[in-house]
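These values consider heavy atoms only, across backbone and side chains, with no hydrogens, waters or symmetry-generated copies. Counting from 1, the numbers follow the sequence of the chain as shown. One-based numbering, in listed order, for ligands and for the atoms of each.
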Amino acid sequence: MYKAPRGTQDILPEDQSYWHYLRQRIHRTCQLYGYRQIDTPIFEETSLYVRGVGEATDIVEKEMYSFEDKGGQAITLRPEFTAGVVRAYLEHGMRTLPQPVKLYSIGSIFRYERPQAGRYRQHTQFNVEAIGESDPAVDVEVMSVVWHLFQDLGFEDLSFQLNSTGCPRCRPDYLKLLIGYYQGHTSEICRDCQRRLGRNPLRLLDCKSDRCQPVVAGAPRIREHLCDECRDHFETLLGYLDALGWRYEINYRLVRGIDYYTKTVFEVFAAGIGAQNALCGGGRYDGLMEELGGPPTPGIGFGSGVERIILTMKHSGVEVPTIPSPQVMVVHAGRRVKRAVLKLTTDLRFADVRALMSFGEHSLKGQLRQANKAQVSFVLILGEEELAAGQVTLRDMRSAEQTRIDLDKIVPELQWRLGRVD
Ligand code: HAM
């Protein structure tokens, strides 16, 4: 028996009401803030991600689904949205549009990770980007989109964490300081951190191993080493958030696992999805456009795992509207009426009535059982005798009451009974 590949999942019809509802709330929230939808390809040239996300990141080192296509092109399944959206901004000359260009997407992301609760090899992201403006008010707006969505879904007890990771002007000096500090503690840190020290020192700060905790606690803090521009940006941002009355925490250890970040980074955590799993993560990437061959253009955005949002919805008991189910079933008494059954079912559907017909050859009793299982409100019974009289029997499934009605009146009669007529 085949099974879905490890780390992937089928979203069965029973679960789709959450997906429908969440997508609808996402579209609505994005419209409120003036974000427009963009869909980019599910695969891009591998080098876009290597340059964009960064060679020393876990994503590029270990997690990409990369392959050569039949034409010899190096291709990678989308491991994150931002690089592709920035590529699209450049390719379609969006620089000529009013800035910032505000875009959102919902789609599949592929990462070869170790699967566990809330962590998959294929997941779905709701992603937002605002490109072309460096004002810290844009940072607040981008964060507000996700904050608004989570408020709208009724999530409580969220932890909103933020930090500044500086910029190419101030970060190198800070990194020197950090490396110097860690060099004095090499025997006290885990093996991964010994590797990070040479390859990706900023990530020393978010090591989760118990062994490293005392060393991290004493590490120099970047906020005290930001250049004037980064400090200004961060302090202004905090002032705006305070003015909105937001609850947030500054987490000096928040650095994120992608190389393009500059200045603001943030993550949102919620109960019910595993303490190390963020519900949302994002930040500024003011150098990414140049890295990908474009002119200097600031940007900020976030990604949020849709499966994790749905786990949080279930954990918080959010109720979602059910997907409309069939209202009527047309059944047959005898084979010769099958054509009339097909015609009547089709007429109902064109009249916006959600109608089923029974297939195959079954007794009337068997068909009524099917109708009962399908939980329809009404059954229409067509037999040879009814057909000859130009009539149909309407059965109300709740009261079991049956009425004969002329075939040419049955559609308006049903619409009326289903409360569809104004
Ligand atoms: P990220 O933090 O790698 O950022 O992913 C964003 C969010 O996607 C995470 O906070 C989490 O909710 C969800 N996520 C990530 N990996 C998985 C997984 N394996 N299974 C389930 N959910 C997952 C980015 O991807 C950036 N591109 C976000 C961004 C946009 N930054 C600026 N603009």
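In summary, the atoms of ligand 1 found under 4.0 Å from a heavy atom of Gly282, numbered by their order in the structure, are 31 (N). Residue Arg119 approaches ligand 1 through these ligand atoms, each under 4.0 Å from one of its heavy atoms: 19 (N), 20 (N). Within ligand 1, the atoms closer than 4.0 Å to a non-hydrogen atom of Glu129 are 30 (C), 32 (C), 33 (N), numbered from 1 in the order shown. Which parts of ligand 1 touch Phe302 is read off a 4.0 Å heavy-atom cut-off, strictly below it: atoms 28 (C), 29 (C), 30 (C), 32 (C), 33 (N). Residue Asn127 has at least one heavy-atom neighbour below 4.0 Å for each of these atoms of ligand 1: 30 (C).
In terms of polar-atom proximity, Ile59 is not counted as a contact of ligand 1, lacking any N or O under 3.5 Å from an N or O of the ligand. Taking any N or O of Ile300, backbone or side chain, none lies under 3.5 Å from an N or O belonging to ligand 1. When only interatomic distances are considered, the shortest N/O to N/O separation between Tyr261 and ligand 1 falls below 3.5 Å. Ligand 1 has a nitrogen or oxygen under 3.5 angstrom from a nitrogen or oxygen of Glu80. Considering backbone and side-chain N/O of Thr82, one or more are found under 3.5 Å from N/O of ligand 1. Of the polar atoms of Tyr120, at least one N or O is found under 3.5 Å from an N or O of ligand 1, judged by distance alone.
Residue-ligand proximity: Arg256 is placed with a non-hydrogen atom under 4.0 Å from ligand 1. Ligand 1 has no atom lying under 4.0 Å from any heavy atom of Glu307.
The neighbour count for Gln375 CD, taken as heavy atoms of other residues, nucleotides or ligands under 6.0 Å away, does not exceed 12. Environment of CG in Asp69: crowded, with over 12 heavy atoms of neighbouring residues, nucleotides or ligands closer than 6.0 Å. Atom CD of Glu45 is surrounded by 12 or fewer heavy atoms from other residues, nucleotides or ligands within 6.0 Å.
Partner Met357 forms a side chain to side chain contact (heavy atoms under 4.5 Å, CB included) with one of Thr346, Val341, Leu348 and no other, that one being Val341.
Contact annotation: for Gln125 versus ligand 1, heavy atoms closer than 4.0 Å belong to the side chain alone. Contacts between Phe110 and ligand 1, counted as non-hydrogen atom pairs separated by less than 4.0 Å, are absent for every part of the residue. Contact annotation: for Arg111 versus ligand 1, heavy atoms closer than 4.0 Å belong to the side chain alone. Only the backbone of Leu279 comes within 4.0 Å of ligand 1, counting heavy atoms alone; no side-chain atom from C-beta on gets that close. Contacts between Asn277 and ligand 1 below 4.0 angstrom, taking non-hydrogen atoms only, are absent altogether.
With respect to atom 19 (N) of ligand 1, the closest heavy atom belonging to the protein is Glu113 OE2, 2.6 Å. Protein heavy atom in closest approach to atom 7 (C) of ligand 1: Gly303 O, 3.3 Å. Atom 14 (N) of ligand 1 has His123 NE2, 3.3 Å as its closest protein atom, hydrogens excluded (heavy atom only). In terms of protein heavy-atom proximity, atom 9 (C) of ligand 1 is closest to Ala278 O, 4.0 Å. Here the protein heavy atom with the shortest distance to atom 21 (C) of ligand 1 is Gly118 O, 3.3 Å.
Side-chain polar atoms of Glu129 and Asn127 form a donor-acceptor pair below 3.5 angstrom. At a cut-off of 3.5 Å, with distance as the only test, no side-chain donor of Glu156 or Ser316 sits close to an acceptor on the other residue.
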* Kindly determine whether Thr82 and Tyr285 satisfy side-chain hydrogen bond (donor to acceptor under 3.5 Å, both in side chains), including the steps that lead there. => CA-CA 9 Å; Thr82 314; Tyr285 46 86; 5.7 Å; no
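No donor-acceptor pair under 3.5 Å is formed between the side chain of His123 and the backbone N or O of Arg119.
Remark: Lys314 is positioned above the aromatic ring of Tyr18, its terminal NZ or CZ atom under 6.0 angstrom from the ring centre and at most 45 degrees off the axis.
We find that Glu235 and Arg231 are not joined by a salt bridge, their nearest charged nitrogen and carboxylate oxygen being 4.0 Å or further apart. Salt-bridge formation is detected for the pair Glu229/Arg169: a Lys NZ or Arg NE/NH1/NH2 atom is positioned less than 4.0 Å from an Asp or Glu carboxylate oxygen. No salt bridge links Arg253 with Asp206; every basic N to acidic carboxylate O contact stays at or beyond 4.0 Å.
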Donor-acceptor pairs under 3.5 Å, side chain of residues 91-106 to any protein atom, not counting sequence neighbours: which ones?
{"from": "Glu91", "atom 1": "OE1", "to": "Arg87", "atom 2": "NH1", "distance (Å)": "2.9"}
{"from": "Thr96", "atom 1": "OG1", "to": "Gly93", "atom 2": "O", "distance (Å)": "2.9"}
{"from": "Gln99", "atom 1": "OE1", "to": "Tyr89", "atom 2": "OH", "distance (Å)": "2.6"}
{"from": "Gln99", "atom 1": "NE2", "to": "Met94", "atom 2": "O", "distance (Å)": "2.9"}
{"from": "Gln99", "atom 1": "NE2", "to": "Arg95", "atom 2": "O", "distance (Å)": "3.4"}
{"from": "Gln99", "atom 1": "NE2", "to": "Leu97", "atom 2": "O", "distance (Å)": "2.7"}
{"from": "Lys102", "atom 1": "NZ", "to": "Tyr33", "atom 2": "O", "distance (Å)": "2.8"}
{"from": "Lys102", "atom 1": "NZ", "to": "Glu141", "atom 2": "OE1", "distance (Å)": "3.4"}
{"from": "Lys102", "atom 1": "NZ", "to": "Glu141", "atom 2": "OE2", "distance (Å)": "2.8"}
{"from": "Tyr104", "atom 1": "OH", "to": "His27", "atom 2": "ND1", "distance (Å)": "2.7"}
{"from": "Ser105", "atom 1": "OG", "to": "Ile38", "atom 2": "O", "distance (Å)": "2.8"}

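Within the structure, salt bridge (charged side-chain N to carboxylate O under 4.0 Å, His left out) contacts touching residues 267-292 (residues at least two apart or in different chains) are Asp139-Arg284, Arg256-Glu267, Lys263-Asp286, Arg284-Asp286.
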